[in-house]
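Below you'll find the structure, written out as structure tokens, and then a few comments.
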Amino acid sequence: MSSLDTRPDTTPSAQWRWPSVHPEGRKFALIAAAITLLVFWFVSEGLGWICTGITIWVLAFFRDPIRSVPQGAGLIVAPADGLITMIERVPPPRELVGDDALSGEPLVRVSIFMSVFDVHINRAPITGTIARVVYISGKFLNASLDKASEENERQHFLVEGADGTRIGFTQIAGLVARRIVPFVKPGDIVAVGQRVGLIRFGSRVDVYLPAGTAPKVALGQRSIAGETILGRLGDGEGVTGVAQ
């Protein structure tokens, strides 16, 4: 008899459920709802329905779904939902370079672009200690541009695993984004897939894979924060994608 024939009486299953709204977004939803009511009462019903749609969008923007985080030695998971727009080898940001940080040698950078329709809660790519959090004020260029990594408002994170592995990733504000909100600080211990921050209203996250680690995602692929595997430490075999 195969193992599939010896099932327990109760088979575990997953069910869809409405995602919760992150506390950071509740005040915006309340403001949008209040404005909507005022518009219905004092302006017009037609405009009120438009404001209702905006309120629903605000709630959707700050949704915080539960994610099933893969567990395994050396796994690096995506810190953001969105489109893989760039995969290239570049020097890491100088804010993440140092004796107790990244070496400064070029690393593979995976860029994930988040539209205003994506989940904007960002998560830790590995389990470890937050070694650095560096905020840089800057411009608000289109986050899909390469120069946004150096010119836009951004926030760098460095996570160090128990084995000494260090991974840097950066939240980058975009055209609409005007606020980067961290949930962690240096010295905090995080689990892979744990929520570490958000960016309000459209943005990008760059991840710098350690040397010798090839990306397990392809250009044009969509990633899911806390679920999509970006790479495995020391695994230099990458993947390619075909649009169809």
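By convention here, the first residue in the shown sequence is residue 1.
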Answer yes when R67 and D81 have at least one side-chain N-carboxylate O distance shorter than 4.0 Å, and no when they do not. yes
Closer than 4.0 angstrom, basic N to acidic O: yes or no for D64 and R195?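 Between R195 and D64 there is a salt bridge, with a charged N closer than 4.0 Å to a carboxylate O.
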Mind checking whether [X] and [Y] sit in one hydrophobic cluster, side chains of I, L, V, M, F, W, Y counted as touching below 4.5 Å?
| X | Y | result |
| --- | --- | --- |
| I130 | V207 | yes |
| I76 | V217 | yes |
| I84 | I199 | yes |
| I224 | V77 | no |
| V184 | V192 | no |

Check [X] against [Y] and note the closest heavy-atom contact, atom names and distance.
| X | Y | answer |
| --- | --- | --- |
| A214 | G238 | CB-N, 3.6 Å |
| P79 | L230 | CD-CD1, 4.0 Å |
| I87 | P215 | CG2-CG, 3.8 Å |
| V196 | F157 | O-CZ, 4.1 Å |

Is there a side-chain contact between L233 and T165 (heavy atoms, below 4.5 Å)?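 They are in side-chain contact.
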Taking the side chain as every heavy atom from C-beta outward, state whether I136 and E95 have any pair of such atoms under 4.5 Å apart. yes
Applying the salt bridge (charged side-chain N to carboxylate O under 4.0 Å, His left out) criterion to D118, which one of R222, R204, R63 satisfies it? R222
Rounded to the nearest 0.5 Å, how far apart are [atom1] of [X] and [atom2] of [Y]?
| X | Y | atom1 | atom2 | result |
| --- | --- | --- | --- | --- |
| S203 | F113 | OG | CZ | 8.0 Å |
| Q171 | M114 | CD | CE | 7.0 Å |
| D206 | T170 | CG | OG1 | 6.0 Å |
| I126 | Q194 | CD1 | CD | 12.5 Å |
| E88 | L219 | CD | CG | 9.5 Å |
| L102 | E160 | CG | CD | 10.0 Å |

Between Y208 and F169, ring centroids under 6.0 Å: no
Apply side chain to side chain contact (heavy atoms under 4.5 Å, CB included) to V108 and T213, showing your working. CA-CA 8 Å; V108 173; T213 301; over 6 Å; no
With V205, the side chain to side chain contact (heavy atoms under 4.5 Å, CB included) member among I172, V110, N122: N122
Can you label the angle between the F28 ring and the F62 ring as parallel, tilted or perpendicular, going by 30° and 60°? parallel
Are T36 and T55 close enough that a side-chain donor and a side-chain acceptor fall under 3.5 Å?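 Judged by distance alone, the side chains do pair up.
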Tell me if the CG atom of L47 is crowded by more than 12 foreign heavy atoms within 6.0 Å.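 More than 12 within 6.0 Å, yes.
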R26 atom CZ, over 12 foreign heavy atoms within 6.0 Å: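 Yes, CZ of R26 has more than 12 neighbouring heavy atoms, counting only those of other groups under 6.0 Å.
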